Amino acid sequence: MAQSRQAIQSRIRSVESTRKITRVMQLIASTELTKQRRRMEENREYANGLEDLLAFAVRSSADDSIYLRENKEKPNFVIVFTSDMGLCGAYNANIFRMLDTHSKDDIVMIGTNGCTWAKANHKVLHKGIENMNLDNAYEIISKLLNDALKRFENGEIGKIQVLYTHFKNVLTYIPTLETVLPVQKQEIKEEVQEGAKQLTDYEPDQDEMLAQIIPMAVKSAIYARFLESKTSEQASRRMAMEAATDNADELHDELMLAYNQARQAAITNEIIDIVGGANALS
């Protein structure tokens with residue numbers, strides 16, 4: 001029984017140590033979530049404004065614009081955002097499940113976990129990028145999309161898409177596949193459509209304006225999705241660490257109950273031995 005109590009004590013110490021780690025990681029994730037959410041919201045107004053400008057420009061253009069046409073015979077260019085770090089629950093697994101239907105597309109995997117998963121599952125990537133952070137994210141995204149836009153304009157790819165995790169709130173984050181190009185006219189906001197119906201003069205001309213707006217708007221949209229993914233990652237990590245801390249608390253309580261039962265049993269046995277010895281001497 002003494003050995004059993006020692007084993008339980010050892011497990012209790014292990015659980016307490018683990019709980020301290022998960023609790024600290026939960027607090028760190030909460031802090032990072034607050035910072036990341038603020039960055040995402042600060043960028044949202046600019047990104048939405050550019051998307052509305054793009055919608056207006058494309059809506060007022062001719063229906064045969066290359067930015068409205070999809071080449072269904074060509075592969076799609078899909079940018080996928082995953083995490084560089086682990087311990088974030090099902091954040092990456094939900095993205096990976098959506099990738100099974102895109103085996104024939106040109107996939108750009110961003111994130112160490114995504115690159116590792118692709119290698120382990122023998123997935124052929126167009127490109128893999130690891131350790132992309134806020135300092136170099138826009139530069140990397142800009143270079144990627146310069147190449148993707150040229151290929152789209154040349155008819156080498158059918159769509160430019162982004163697979164990311166949409167941040168709805170701190171408890172809900174949804175894997176989402178979004179098409180950036182071609183622009184879908186039916187998805188343009190009503191107020192933008194009304195504005196596009198008005199007489200508009202372009203300087204120097206409409207094609208030149210589109211050539212300038214398209215790269216800006218597409219890069220801004222992808223960068224905004226990157227910020228949403230990072231916010232969702234921190235929210236998922238916070239939830240995972242909170243759940244781990246709660247599980248450690250429950251396990252600690254169970255072990256303490258088992259330890260007290262074993263201790264009480266040992267005390268009872270000692271009393272029985274003492275009483276039995278006393279009776280024998282009598």
Side-chain angles (χ1 to χ4, degrees), residues 47 50-51 54-55 58 64-84 91-134 136-166 173-187 210-230 232-233:
L50 268 183
E51 289 178 20
L54 171 62
V58 174
D64 61 350
S65 169
I66 62 171
Y67 300 114
L68 295 174
R69 295 200 308 266
E70 174 189 352
N71 191 340
K72 296 184 179 181
E73 296 180 357
K74 298 295 182 179
N76 298 327
F77 188 92
V78 186
I79 298 174
V80 182
F81 290 121
T82 63
S83 70
D84 289 306
Y91 172 82
N92 291 304
N94 292 334
I95 291 290
F96 297 151
R97 276 195 291 269
M98 295 188 68
L99 276 176
D100 291 337
T101 59
H102 296 271
S103 58
K104 296 181 180 179
D105 293 333
D106 291 346
I107 296 176
V108 176
M109 186 71 74
I110 298 178
T112 302
N113 277 283
C115 294
T116 302
W117 173 85
K119 184 176 181 180
N121 289 273
H122 310 289
K123 302 289 186 180
V124 179
L125 299 178
H126 179 72
K127 191 172 186 178
I129 300 173
E130 300 182 24
N131 299 315
M132 188 175 82
N133 54 49
L134 291 170
N136 61 9
Y138 190 82
E139 181 182 355
I140 292 174
I141 289 172
S142 180
K143 290 180 179 178
L144 278 175
L145 289 171
N146 284 338
D147 174 59
L149 285 167
K150 288 179 181 178
R151 296 181 64 195
F152 181 83
E153 291 166 356
N154 294 333
E156 298 175 15
I157 56 177
K159 291 181 181 179
I160 297 178
Q161 297 179 299
V162 57
L163 178 53
Y164 71 105
T165 305
H166 169 62
Y173 10 90
I174 307 166
T176 305
L177 179 66
E178 185 174 314
T179 298
V180 181
L181 278 180
V183 178
Q184 304 297 317
K185 282 193 173 184
Q186 61 268 27
E187 295 178 358
L210 281 175
Q212 294 181 19
I213 291 177
I214 291 291
M216 290 174 56
V218 170
K219 292 173 186 178
S220 174
I222 299 297
Y223 181 69
R225 302 323 181 251
F226 164 72
L227 293 179
E228 276 204 58
S229 293
K230 281 297 181 182
S232 299
E233 177 189 341

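These figures come from a predicted structure and were not determined experimentally. Along the sequence shown, residues are numbered consecutively beginning with 1. Reckoned from all heavy atoms, side chains included, excluding hydrogens, waters and symmetry mates.
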To the closest 0.5 Å, what do you measure between [atom1] ([X]) and [atom2] ([Y])?
X      : Y      : atom1 : atom2 : answer
Met109 : Lys119 : CE    : NZ    : 14.0 Å
Phe152 : Ile157 : CZ    : CD1   : 7.0 Å
Glu233 : Tyr173 : CD    : OH    : 11.5 Å
Lys127 : Asp106 : NZ    : CG    : 13.0 Å
Leu50  : Ile214 : CG    : CD1   : 11.0 Å
Thr82  : Tyr91  : OG1   : OH    : 7.0 Å

Does the side chain of [X] reach to within under 4.5 Å of the side chain of [Y], using non-hydrogen atoms?
X      : Y      : answer
Ile107 : Leu163 : no
Thr179 : Asn76  : no
Lys123 : Leu99  : no
Val180 : Ile79  : no

Could you pull out the closest heavy-atom pair between Asn94 and Pro175, with the gap in Å?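 Shortest heavy-atom separation between Asn94 and Pro175 comes out as CB-CG, 3.4 Å.
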
Does [X] have any salt bridge (charged side-chain N to carboxylate O under 4.0 Å, His left out) partners at least two apart in sequence or in another chain, and if so, which?
X      : value
Lys74  : none
Glu153 : none
Glu139 : Lys143
Glu228 : none

Considering residues at least two apart in sequence or located in another chain, which fulfil the ring-ring contact (aromatic ring centres under 6.0 Å, His included) criterion with Phe77?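 With sequence neighbours excluded, Phe77 shows a ring-ring contact (aromatic ring centres under 6.0 Å, His included) to His126, given in chain and number order.
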
With sequence neighbours excluded, tell me which residues meet side-chain hydrogen bond (donor to acceptor under 3.5 Å, both in side chains) with Ser83.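 By the side-chain hydrogen bond (donor to acceptor under 3.5 Å, both in side chains) rule, Ser83 matches Asn92, Asn113.
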
Please enumerate all residues that pass side-chain hydrogen bond (donor to acceptor under 3.5 Å, both in side chains) together with Asn136, with sequence neighbours excluded.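 By the side-chain hydrogen bond (donor to acceptor under 3.5 Å, both in side chains) rule, Asn136 matches no residue at all.
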
Using side-chain contact (heavy atoms from CB on, under 4.5 Å) as the criterion, list what pairs up with Thr112, not counting sequence neighbours.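 Testing Thr112 for side-chain contact (heavy atoms from CB on, under 4.5 Å), a comparison that skips the adjacent residues, returns Asp84, Thr116, Glu130, Asn131.
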
Any donor-acceptor pair under 3.5 Å from Thr165 side chain to Ser229 backbone: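 Not confirmed, Thr165 side chain does not pair with Ser229 backbone.
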
Which atom pairs, donor and acceptor, lie under 3.5 Å between side-chain atoms of residues 218-227 and protein residues at least two apart or in another chain?
residue : atom : partner : partner atom : Å
Lys219  : NZ   : Ser142  : OG           : 3.1
Lys219  : NZ   : Asn146  : OD1          : 2.9
Arg225  : NE   : Glu178  : OE1          : 3.3
Arg225  : NE   : Glu178  : OE2          : 3.2
Arg225  : NH1  : Glu51   : OE2          : 3.3
Arg225  : NH1  : Ala221  : O            : 3.4
Arg225  : NH2  : Glu51   : OE2          : 3.3
Arg225  : NH2  : Glu178  : OE2          : 2.6

